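One structure is given below, encoded as structure tokens.
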Amino acid sequence: MLDIRLFREQPEFVKEGLDKAGVDPTIVDTIRSLDDLVRGLKTSAESMKAEMNTANKALGAQRKSLSESEFEAKRLELRGVGDRINEADALRSQKETELQNLLLEIPNLPHEKVPVGKDDRDNVVARSWGEPRAFDFKPKPHWELGESLGILDLERGVKISGSRFYVLKGQGAALQRALITWMLDVHIEEHGYTEVYPPFVVKQECLYGTGNLPKFADNLYHDVEEDFWLVPTAEVPVTNLHRDEILTGAELPKRYVAYTPCFRREKMSAGRDVRGIKRGHQFDKVEMVKLTLPENSDAELDALLDNAEDIIRKLNIPYRVVQVCTGDKTFSSAITYDLELYAPASKGEEGAEWLEVSSCSNFRDFQARRANLRFRRDAGSKPEFVHTLNGSGLALPRLMIAILENFQNEDGTITIPEVLRPYMHNREKIVAVG
RNA sequence: GGAGAGGUGGCUGAGUGGUCGAAAGCGGCUGACUGCUAAUCAGUUGUAGCAGGAAUACCUGUUACCCCGGGUUCGAAUCCCGGCCUCUCCGCCA
């Protein structure tokens, strides 16, 4: 959420930012007039309350010395004042809710470094690493490899749970498990993160905190009877760990890494990426989350991005870093870099594709304000909002696709990346079994 | 899931309708005293919003907040209803 004071003090700046993000900037004027209205109502209601409070205190003090009829007259008079206050308050709170709801639906302003653009076609490839492998045979897509190796069962996934679900079996399941453990180990031991195992269901406040609600309810699974929402990413529970807390400056930065499954309805992506395991309703992910001092968040994003890239380099998969433009950045983020892996056959007959496996973002104080995530620089100083960041490190299914497709052999077996072998009983290859 | 107890300021803990933003103690801060530390004494000490003033972290006024949300009342920390959470006992269970 943006600071309402920004609307009051620098409306042009807000308009400019929203315009770049593809939002109609006239919303700023709407918000300002609503804000003025709310503040006016508040001021007048407060002065009525002040009067009422004084009168009530006086009445309490005099009650013994007043005759019954005098008291009664006074009582009725005050009751009238009370009614008027209630009326004014009702209007105020209605308008205040309206204002709040508007603010909750306004995206974050883009960071000054973000390239201006309309949609993903205006994203900029910042750099790339590794050479796509030259195959001396026609590489197969992961769904063919997976099925023939007996490590991926798309059909039975659909039978059990419906479309966009799949089953991993044998070395396929083992590969995913190895990746999870190995990635966690790297982030913990080499990159300095603290492992967190959070709940996979959260209350709706958490989703408001990260910015998934109220706008993106469409993409979330939730229990209709309870306030239980399945996490769409570990970002949600982990960022909310310190919700409504005031941390000390010395505790920052907090660097967390968590493995969780993620659940998404994918309503807005209906019909897209239906082959294989590229886009499912349930997938696993290792996620890094940081809470930092405001002045350090830019540097922490660079480090976070490098931590995610390090995983890919260790696996030796070609990738590129894409800087997301103002029009394509997500709702809550101020600046985002996507990491995309080269997958030689992921588009089937159409061939290769760059697969997004991580999205590393700095949200600045946008989520912190929603989640009331604060810190105090020194013992006596005022609480300030922290900056929050996160990025996948990495998302499993697409990483698995890249591994299967890049490291496939002509005979249909898969060479296991060396760093993973200790996590897979020192096996070198995934081969078909009976 | 059943029965009971309870949720008050940084902490402990009083407070059952007005004089309560809230006693007391601890802790914190300021000052005094003291070779230093400790002890002692005095004062001070919640957060947020809004309005006005002063202009770097200030003052004044005012409102709100005693788990959350409703209600009763001229007036609610205090009474009523709903919810959440914690603790104890029982049951069940990985």
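Predicted model only: the values in this text are computed from it and were never measured. Below, read A as the first sequence line, B as the second, and so on, with proteins coming before strands; counting in each chain starts at 1.
- For Lys15(A) and Asp29(A), the salt-bridge test passes: some basic side-chain N is under 4.0 Å from an acidic carboxylate O.
- Within residues 83-100 of chain A, no residue has any heavy atom closer than 4.0 Å to RNA chain B.
- Annotation: rU16(B) and rA76(B) have their C1' atoms spaced 11 Å apart (nearest Å).
- Comment: Glu112(A) engages Arg364(A) in a salt bridge, judged by a side-chain N to carboxylate O separation of less than 4.0 angstrom.
- rG43(B) and rC66(B): their P atoms are spaced 30 Å apart (whole Å).
- As the counterpart of rC66(B), no nucleotide is assigned, since no Watson-Crick or G-U wobble pattern has both distances under 3.5 Å.
- Pairing for rU12(B) goes to rA24(B), judged as Watson-Crick or G-U wobble with the two contacts each under 3.5 Å.
- Rounded to whole Å, the P atom of rA64(B) lies 14 Å from the corresponding atom of rG70(B).
- Between Arg376(A) and the options Leu247(A), Thr248(A), Ile246(A), a side-chain contact (heavy atoms from CB on, under 4.5 Å) holds for only Ile246(A).
- Remark: Phe407(A) pairs with no residue by the ring pair (Phe, Tyr, Trp, His ring centres under 6.0 Å) rule, at least two apart or across chains.
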Short heteroatom pairs, N/O only, protein and nucleotides 46-56 of chain B, under 3.5 Å:
from: rG49(B); atom 1: O2'; to: Lys42(A); atom 2: NZ; distance (Å): 3.3
from: rG49(B); atom 1: N2; to: Glu46(A); atom 2: OE1; distance (Å): 2.6
from: rG49(B); atom 1: N2; to: Glu46(A); atom 2: OE2; distance (Å): 2.6
from: rC50(B); atom 1: OP1; to: Arg8(A); atom 2: NH1; distance (Å): 3.0
from: rC50(B); atom 1: OP1; to: Arg8(A); atom 2: NH2; distance (Å): 3.4
from: rC50(B); atom 1: O2'; to: Thr43(A); atom 2: OG1; distance (Å): 3.4
from: rA51(B); atom 1: OP1; to: Arg39(A); atom 2: NH1; distance (Å): 3.1

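- Electrostatic pairing of Glu96(A) and Arg92(A) counts as a salt bridge here, judged by a charged N lying under 4.0 Å from a carboxylate O.
- Nucleotide rU37(B) is matched to nothing when pairs are restricted to Watson-Crick or G-U wobble geometry with both distances under 3.5 angstrom.
- Here, rA39(B) and rU30(B) have their P atoms 15 Å apart, quoted to the whole Å.
- Base pairing of rA94(B) is not made with any nucleotide, judged by Watson-Crick or G-U wobble geometry with both donor-acceptor distances under 3.5 Å.
- Counted within 6.0 Å of CZ on Arg177(A), heavy atoms from surrounding residues, nucleotides or ligands total 12 or fewer; the atom is thus considered open.
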Atom pairs under 3.5 Å: protein N/O with N/O of nucleotides 65-72 of chain B:
none

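- One interatomic measurement links the two molecules: CZ of Phe71(A) to P of rG18(B), which rounds to 13 Å at whole-angstrom precision.
- Using a 4.0 Å heavy-atom distance criterion, Lys74(A) is classed as making no nucleic acid contact.
- Between the CG atom of Leu78(A) and the C1' atom of rG18(B) there is a distance of 13 Å, given to the nearest Å.
- Comparing rC80(B) with rC90(B), their P atoms are spaced 30 Å from each other, to the whole Å.
- A 3.5 Å limit on both hydrogen-bonding distances identifies no Watson-Crick or G-U partner for rG75(B).
- Within a 6.0 Å sphere centred on CD of Glu155(A), other residues, nucleotides and ligands contribute 12 heavy atoms or fewer.
- Remark: the separation of the C1' atoms in rG83(B) and rA24(B) is 33 Å, to the nearest Å.
- Under the 30°/60° scheme for interplanar angles, the aromatic rings of His281(A) and Tyr221(A) are found to stand perpendicular.
- Applying the salt bridge (charged side-chain N to carboxylate O under 4.0 Å, His left out) rule to pairs touching residues 384-396 of chain A yields Arg377(A)-Glu384(A), sequence neighbours excluded.
- Taking side-chain N and O atoms only, Asn53(A) has a distance below 4.0 Å to OP1 or OP2 of rU63(B).
- Environment of CD in Glu418(A): sparse, with no more than 12 heavy atoms of neighbouring residues, nucleotides or ligands closer than 6.0 Å.
- Searching all strands for a Watson-Crick or G-U wobble partner of rA3(B) with both distances below 3.5 Å returns rU88(B).
- Look at rA42(B): its Watson-Crick or wobble partner, with both distances under 3.5 angstrom, is rU30(B).
- Ring planes of His191(A) and His187(A): tilted class, angle from 30 to 60°.
- When each of rU62(B), rA64(B), rG18(B) is scored by its nearest atom to the side-chain atoms of Asn56(A), the top-ranked nucleotide is rG18(B).
- Across rG2(B) and rA22(B), the matching C1' atoms stand 38 Å from one another, rounded to whole Å.
- Projected onto RNA chain B by closest heavy-atom contact, Lys57(A) and Met52(A) fall at different nucleotides, the more 5' of which corresponds to Lys57(A).
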* CA sep, side-chain torsions, deciding dist, call: Val114(A), Lys329(A), side-chain contact (heavy atoms from CB on, under 4.5 Å) -> CA-CA 9 Å; Val114(A) 178; Lys329(A) 75 166 189 64; 5.5 Å; no
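- In this view, Glu235(A) satisfies the salt bridge (Lys or Arg N to Asp or Glu O under 4.0 Å) rule with no residue, not counting sequence neighbours.
- Nucleotides rC11(B) and rG28(B) have their C1' atoms positioned 12 Å apart, rounded to a whole Å.
- If you check rC58(B) for Watson-Crick or wobble pairing at under 3.5 angstrom, you find it paired to rG53(B).
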